[in-house]
Amino acid sequence: MQTPEPLGGTRPTSRDVARTAGVSQATVSLVLGDKWRGRVSERTAEAVRGAARELGYRPNLAARNLRLGRTRTAMLVVPALTNEFFAHVYTGAAAAAARHGFGVVLYPSPDGLGPARDPFASAQAALDGVIASSMATGALEAFRGTDLPLVMLDSDPADPGAAAHVNLDVADGMRRVTDHLLGLGHRRFLHLASAAPSWTFDVRAATLAHALRGTEVRTVRSPLNVADAWEVAGRALAAPGPRPTAVVCDDDILAAGVCKAARRLGLRVPEDLSVTGFDDMALATVVDPELTTVRLPAEEFGRRGMEALLAVLAGERPRPDTLPVSLVPRGSSGPLRAVPTTPREPRPRARPSSPPPRCRPPGGATADGRRSA
């Protein structure tokens, strides 16, 4: 390696790196563009990287992008920034992108599910591709007809509008939940389903209906927030007739609402009512008892989505990818016990003199973080 010459305070160029490493500029481009494998020796590649570090060289990304016709920017479209699951998806996607010199723009669909405007003057000019959740499909109208590569997450693999699909095995997750509850002896179920129109929730509902054939199942729907789930579940559990002994929820957020409704009705979890969630986010271990739920690998999900987009941009056709999920049994599910056919009278909101019922967060906080009365 040659001794670097003084550069007079100017920004070092690839020509300076080539001269210092004793190689051609083409070799520098191959190494720093991470395209050297099979074309340049490991020793030469390390010499180029060492020269770049020594000189403090940084590639001019703007010039390279202009030359290649690429912005090295991807957009991740999600239904909401307040959902912890999608925060983890973004973390995984951004980490994979960074390893390849890409950036990720996070774009939530307004109001969670509605259509979104193109956030740029021209998405095609500002982006190389889009990764989108099936829960935010309405937001994709702004990008239709732009020829941008689209990778769909948790969506119908038969959809021809996407260049690639990455899914979670939510059907297997729901089968694991139902097998678990059936094994505990439960035969009367309430399915608290998400009201959000999405392929992933449709799959969960269809799988549950098939797995629980021959049992009593009632389905009610709720928006994805604790307050609505509390209200919907409360009405369902207080309805006339035999009460369900287990509630299967499409999301941990909905399960937290069920826990609040059970407490309001004087029902103990899991002695009087088993409750299961889906996602295994932080909320699952906040309620007491902790939620039995399905663990979804959110960060890996985001990483695979970004890798699929990079493969499409490289001219490849990635195969549909499905990530495995797992059941995490915790204290909110238990064996069937003899229960009354009608619910107990609602308990007054004032603090009772007896010890507080279970299925509440430690320290007297409710499942949505507020202090109980």
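These values consider heavy atoms only, across backbone and side chains, with no hydrogens, waters or symmetry-generated copies.
Between the side chains of Asn167 and Thr322, not a single donor N or O lies within less than 3.5 Å of an accepting N or O. Thr292 and Ser333 share a donor-acceptor pair across their side chains, judged by distance under 3.5 Å alone. Gln25 and Ser14 share a donor-acceptor pair across their side chains, judged by distance under 3.5 Å alone. There is no side-chain donor-acceptor pair under 3.5 Å between Asp250 and Ser194.
Between Leu224 and Phe201, some side-chain heavy-atom pair lies under the 4.5 Å cut-off. The closest side-chain heavy-atom distance from Leu76 to Val105 is not below 4.5 Å. Between Leu291 and Ser332 the shortest side-chain heavy-atom distance falls below 4.5 Å. In this structure, the side chains of His191 and Arg221 stay at 4.5 Å or more apart for every pair of heavy atoms. At least one side-chain heavy atom of Asp154 sits less than 4.5 Å from a side-chain heavy atom of Val170. Residues Pro157 and Trp199 meet the side-chain proximity criterion, which asks for heavy atoms closer than 4.5 Å. Within the 4.5 Å cutoff, the side chain of Val269 has no heavy atoms near those of the Asp288 side chain.
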Should Ile131 and Met152 be marked as a side-chain contact (heavy atoms from CB on, under 4.5 Å) after you check the CA-CA gap, both sets of side-chain angles, and the distance that decides it?
CA-CA 6 Å; Ile131 308 168; Met152 289 300 300; over 6 Å; no
Evaluate Arg43 against Glu46 for salt bridge (charged side-chain N to carboxylate O under 4.0 Å, His left out), listing each step before the verdict.
CA-CA 5 Å; Arg43 180 177 179 180; Glu46 183 53 40; over 6 Å; no
Mind running side-chain contact (heavy atoms from CB on, under 4.5 Å) on Glu299 and Val89 for me, showing each step along the way?
CA-CA 5 Å; Glu299 285 195 24; Val89 170; over 6 Å; no
Test salt bridge (charged side-chain N to carboxylate O under 4.0 Å, His left out) applied to Arg175 and Asp179, step by step
CA-CA 6 Å; Arg175 281 191 293 268; Asp179 287 349; over 6 Å; no
Walk me through whether Asp156 and Asp202 qualify under side-chain contact (heavy atoms from CB on, under 4.5 Å).
CA-CA 10 Å; Asp156 187 351; Asp202 292 343; over 6 Å; no
Which is it for Glu231 and Arg235 under the salt bridge (charged side-chain N to carboxylate O under 4.0 Å, His left out) test, yes or no, and what are the steps along the way?
CA-CA 6 Å; Glu231 181 180 349; Arg235 288 198 303 266; 2.9 Å; yes
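Distance alone, capped at 3.5 Å, is enough to place a donor-acceptor pair between the Thr293 side chain and the Phe278 backbone. Within the 3.5 Å criterion, the main-chain N or O of Met281 finds a donor-acceptor partner in the side chain of Asp252. A distance-only check finds no donor-acceptor pair linking the side chain of His88 to the backbone of Gly302 [under 3.5 Å]. Listed for the Arg243 side chain is a donor-acceptor partner under 3.5 Å among the backbone atoms of Asp272. Within the 3.5 Å criterion, the main-chain N or O of Pro244 finds no donor-acceptor partner in the side chain of Glu216.
Each of Leu212, Thr276, Leu327, Thr207 was checked for a side chain to side chain contact (heavy atoms under 4.5 Å, CB included) with Met174, and the lone residue meeting it is Thr207. Paired with Ser274 under the rule side chain to side chain donor-acceptor pair (under 3.5 Å), one option of His186, Arg337, His180 passes, and it is His186.
One hydrophobic cluster, built from ILVMFWY side chains closer than 4.5 Å, cannot hold both Leu283 and Val328; they sit in different ones. One hydrophobic cluster holds both Leu106 and Val151 under the rule that ILVMFWY side chains link at heavy-atom gaps under 4.5 Å.
Pairing each heavy atom of Met306 with each of Ala93, the nearest pair is CG-O, 3.5 Å. Closest of all the heavy-atom pairs between Val28 and Val23 is CG2-CG2, 3.9 Å. Residue Leu148 comes nearest to Leu127 through the heavy atom pair CD2-O, 3.4 Å, listed as atom of the first residue, atom of the second, then distance. Nearest heavy-atom pair, Val104 versus Ala94, reported as atom, atom and distance to 0.1 Å: CG2-CA, 3.9 Å. The minimum heavy-atom distance between Gly101 and Arg72, with the atom names listed, is O-NE, 3.2 Å. Minimum interatomic distance between Ala284 and Arg330 (heavy atoms only, all atoms of both residues): CB-NH1, 3.7 Å.
With rounding to the nearest 0.5 Å, the separation of CG in Leu184 from CG in Leu336 is 9.0 Å. Atom CG of Leu310 sits about 9.5 Å away from atom CZ of Arg99, to the nearest 0.5 Å. Atom OG1 of residue Thr178 and atom CZ of residue Arg213 lie 11.0 Å apart, to the nearest 0.5 angstrom. Taking CG of Asn83 as the start and CG of Asp251 as the end, the distance is 6.5 Å to the nearest 0.5 Å. To the nearest 0.5 Å, atoms OG1 (Thr219) and CG (Leu190) are separated by 7.5 Å.
Salt bridge Glu54/Arg49: absent, no basic N to carboxylate O contact under 4.0 Å.
A cation-pi arrangement, defined by a distance under 6.0 Å to the six-membered ring centre and an angle within 45 degrees of its axis, is absent between Arg218 and Phe189.
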